[in-house]
Amino acid sequence: MSIEFTATVLGSARIGPNRELKKAVENYWAGGLDAVGLEAVARTLRENTWRELAAAGVDSVPVNTFSYYDHMLDTAVLLGALPPRVMGLGTDLDRYFAAARGTDTVAPLEMTKWFDTNYHYLVPEISPDTTFSLHSEKVVDDLKGAVALGISARPVIIGPITFLLLSKAVGGSAPLLDRLDEILPLYAELLTTLADAGAEWVQIDEPALVADRTQSEIESAKKAYDFLSAVSTRPAIVLASYFGDLGAALPVLASTGVEGFSIDLTVPGTVEQIAVVPALAGKHIVAGIVDGRNIWRTDLDKALATLASLLGSAGTLAVSSSCSLLHVPYTLDAETDIVDPLRSWLAFGAEKVAEVTLLARALRDGTESVSSELEQARNALQTRRTDPRLHDSAIRARMEAGVSVDRTPAEERRRAQAERLDLPSLPTTTIGSYPQTTQIRRARAELRTGAIDDAEYASRMRSEIADVVALQEKIGLDVLVHGEPERNDMVQYFAERLSGFAATSNGWVQSYGTRCVRPPILYGDVSRPEPMTVQWSEYAQSLTDKPVKGMLTGPVTILAWSFVRDDRPLEESAAQIALAIRDETIDLEAAGIRIVQVDEPALRELLPLRAKDTAAYLEWTVRSFKISTSDVADDTQIHTHLCYSEFGEIIDAIVALDADVTSIEAARSHMEVLDDLNSVGFDLGVGPGVYDIHSPRVPSVDEITESLQAALKAVPAERLWVNPDCGLKTRGPAEVERSLTNMVQAAVALR
């Protein structure tokens, strides 16, 4: 009989507290580190994480949560489901990274968002020819490594239902759940292998079940867990869900032989749901009471009351984070610039682990055992409730006054813009950012340390802008950008200039692969004290007769890529940010900028997981974009940009944005989005990406021409723009110049 644990988290960050993994992987890609050296870095990070969790009081430590790139890609490797195009490449690691990011000759897997988070996962491809096979070495090695250190380890794997539902069918039309019978024996074999290696418990993640699921899909889940729970030699299973509630799937799954359920208690209604499922009274409930996605301190009194209410509904109870701590920074200890009272309101990864173990101790030993910690938490929460920065009367009065959100009809705008801009057919442009060179990073570091002053920094940035404008003129692009050298990040840059936000110095989280971001903290009411981008766009425009786009980040994306307030509705914060962006849009227009791009790559990212909540969400997100962009003249062209999402679900909202031009990811998905747009009568400008910037591949002129020819079958030339998928910040200067040169040559030839 497995021993029930009392305190855990569902997963851990894996990039390293100082981004050690990012640096090691990129060094490996560059040839500066071999596979042995890379594994040594990875092993150190894994072991440090296990030891720290155990030392903090976690009595069931998750293992196999580490990944060189992505856990869905790891699951494809586990099940022998890498695409055939990578199978002939060198080593296992070569094949792995080829699937992740491609090579000069091999296209990578598609990438999309992990539910409604800012983490991106790689989409496994499953064809009728895919033959599944078990490759359990990574999972078993992690387990054995932890056990050898005396760690009470719990392997974590993506479940069969989530793996199939989130994969992509290629070369066939049958639902991938039809392949369930092929992989269940592999999962069963894996369970036996893990039991033999010393696992008492295994965590099987099934987050796909918190979205709307058909009765057939729920029955497939029951079939899977009836089968797995019947395996004779196996660890106890805790089935983990997060980001939402299991709804109708919970009682069905509770009827199986699964021993435990991890439930996200930060989602409204989940506590009540547990109480009405009698079968859970015999299960081990892992209560996800500490929010693993946001950085606010837990209300410990409220959490303890919630946990107490579950004692009669659960067989046994453990305290946990609501999801993996992959989504929050490592620790507040690295944040010397964040001071009280804000600091006292926060909990990063290490602090959340401490909250989990404190709550478990309170349940075991009584609240008197943690009385001082409870009082400290109460005091911090009280200062947050009364801080005047969270209740700015001037900002709230402006919101209540209301603003216009509708522009004149698109056809009238199109004529005015054509006359003012005088662009050729198939106009070429880029999305905004250009490579962040060593010189740019050095200048930013020297400004931060005081080695140079603001004037010198501005001079260096103008020099970088001049170089980027000259490069674009040389390549022959039609609409230019200033390259964004002054921006550390497309959200953080604005957050640092808006009231109500705080930035971190080392609050890194993984977005995908080696791409790490530092989400700012939205803690108060938002306004724009002064212009944020005008000087840079105005300078770039002074260097060329071609139009230069003003580049702004939209309110929904700023929200999605920040740690947001949990004391106010998202739509209220979106409206405040939108008014600040509106002020910037108007100032750019007044400075002579003829095109303003307001990027909303995260529009779908916050889309609710349940259809019943979708309409309300799309209404306020579309309205916030229109607040940002609607108070400009007809001949000022408004662009937006969307990337790496399943656009079919939000096509009507894309139309409702009413942007004059929408650039959109399409290189990896082979222009599929255009059919979706046409199906709803979209008749504005569109720029489907022809260059996948998340891969080091340089697309040839022929390849880009083929993509544009496919696009022209769906979009007339007078509405089609030519651009990369996304910004070029993460790419190298040489590959960018070659890729853009090929892109322009293809467009010119097609004209």
Side-chain angles (χ1 to χ4, degrees), residues 1-10 57-60 152 154 200-207 209-210 218 221-222 225-226 229 235-292 298-323 352-353 355-371 373-374 377-378 381:
M1 179 66 180
S2 298
I3 300 172
E4 282 79 9
F5 50 91
T6 64
T8 193
V9 293
L10 296 194
V58 170
D59 57 0
S60 179
S152 177
R154 183 182 76 253
E200 291 280 336
W201 284 87
V202 62
Q203 175 182 320
I204 305 182
D205 286 4
E206 291 287 13
L209 293 174
V210 306
I218 293 173
K222 175 175 168 49
Y225 288 95
D226 278 335
S229 60
I237 296 171
V238 57
L239 193 155
S241 59
Y242 36 85
F243 307 145
D245 66 271
L246 285 169
L250 181 57
V252 174
L253 292 167
S255 71
T256 69
V258 168
E259 289 82 2
F261 287 85
S262 177
I263 297 176
D264 187 342
L265 298 184
T266 67
V267 176
T270 49
V271 174
E272 294 78 7
Q273 188 181 34
I274 293 171
V276 297
V277 180
L280 293 178
K283 306 292 185 180
H284 186 51
I285 299 300
V286 180
I289 195 70
V290 173
D291 191 347
T298 301
D299 184 333
L300 297 178
D301 289 319
K302 183 178 178 182
L304 281 170
T306 298
L307 292 169
S309 73
L310 293 174
L311 292 175
S313 304
T316 51
L317 192 66
V319 183
S320 177
S321 60
S322 62
C323 62
K352 290 183 182 297
V353 172
E355 289 181 332
V356 164
T357 57
L358 183 148
L359 289 167
R361 194 161 73 249
L363 286 180
R364 183 185 67 240
D365 301 333
T367 56
E368 298 81 6
S369 66
V370 294
S371 57
E373 291 95 332
L374 292 176
R378 292 182 194 115
L381 291 172

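Nothing here was measured: the structure is a model prediction, and the numbers come from that model.
- Of all the heavy atoms in V238 and S262, the pair that sits closest is CG2-N, 3.7 Å.
- Put simply, the side chain of D245 never gets that close to the backbone of T270: no donor and acceptor are under 3.5 Å apart.
- For the atom pair OG (S320) and CD1 (I285), the distance works out to 12.0 Å, reported to the nearest 0.5 Å.
- S241 meets the side chain to side chain contact (heavy atoms under 4.5 Å, CB included) test with V210, L246; sequence neighbours excluded.
- At a threshold of 4.5 Å between non-hydrogen side-chain atoms, the residues S152 and E200 do not count as touching.
- Between L317 and A287, the shortest heavy-atom contact is CD1-CB, 4.1 Å.
- Taking CD1 from I289 and CG from L304, the interatomic distance works out to 9.0 Å, rounded to the nearest 0.5 Å.
- Partners of E259 by side chain to side chain contact (heavy atoms under 4.5 Å, CB included), not counting sequence neighbours, listed by chain and number: W201, R234, A236, I237.
- C323 contributes atom SG, which lies 8.0 Å from atom OH of Y242 (distance to the nearest 0.5 angstrom).
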**Request:** Go through the steps to decide whether L265 and L310 satisfy the test side chain to side chain contact (heavy atoms under 4.5 Å, CB included), and finish with yes or no.
**Result:** CA-CA 11 Å; L265 298 184; L310 293 174; 3.6 Å; yes
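- Q203 has its side chain out of reach of T8: every pair of non-hydrogen atoms, C-beta onward, lies at least 4.5 Å apart.
- Side-chain atoms of T256 and L239, non-hydrogen and from C-beta on, never get closer than 4.5 Å to each other.
- D291 and T266 form no side-chain donor-acceptor contact under 3.5 Å, judged by distance and modelled atom types alone.
- Smallest separation of non-hydrogen atoms from R154 and S60: NH1-OG, 2.7 Å.
- To the nearest 0.5 Å, atom CG of residue L358 and atom CD of residue E373 are 5.0 Å apart.
- In this structure, S321 contributes its side chain and L10 its backbone to a donor-acceptor pair below 3.5 Å.
- Taking the side-chain hydrogen bond (donor to acceptor under 3.5 Å, both in side chains) definition, one finds that T306 meets it with nothing, sequence neighbours left out.
- With hydrogens and angles disregarded, no donor-acceptor distance shorter than 3.5 Å links the side chain of E355 to the backbone of L300.
- Note that OG1 of T367 and CG of D301 are 8.5 Å apart. Values are rounded to the nearest 0.5 Å.
- Contact record, T298 with A303: CG2-CB, 4.0 Å, taken as the closest heavy-atom pair.
- Proximity of a side-chain donor or acceptor of T357 to a complementary backbone N or O of V353 within less than 3.5 Å is detected.
- The minimum heavy-atom distance linking V277 with P251 is given by the pair CG1-CA, 3.8 Å.
- From F261, atom CZ reaches atom CG of L280 across 6.5 Å, with rounding to the nearest 0.5 Å.
- Closest non-hydrogen pair, A7 versus G57, comes out as CB-O, 3.9 Å.
- Side-chain contact check for S369 and R361: no donor-acceptor pair (N or O, by modelled atom type) lies under 3.5 Å.
- A heavy-atom distance below 4.5 Å is found between the side chains of D299 and L381.
- Residues T6 and R364 bring no donor and acceptor atom of their side chains to less than 3.5 Å of each other.
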**Request:** Kindly indicate, with the supporting measurements, whether the criterion side chain to side chain contact (heavy atoms under 4.5 Å, CB included) is fulfilled by L250 and Q273.
**Result:** CA-CA 8 Å; L250 181 57; Q273 188 181 34; 3.7 Å; yes
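- In terms of modelled atom types and a separation under 3.5 Å, the side chain of S322 and the main chain of G292 share a donor-acceptor contact.
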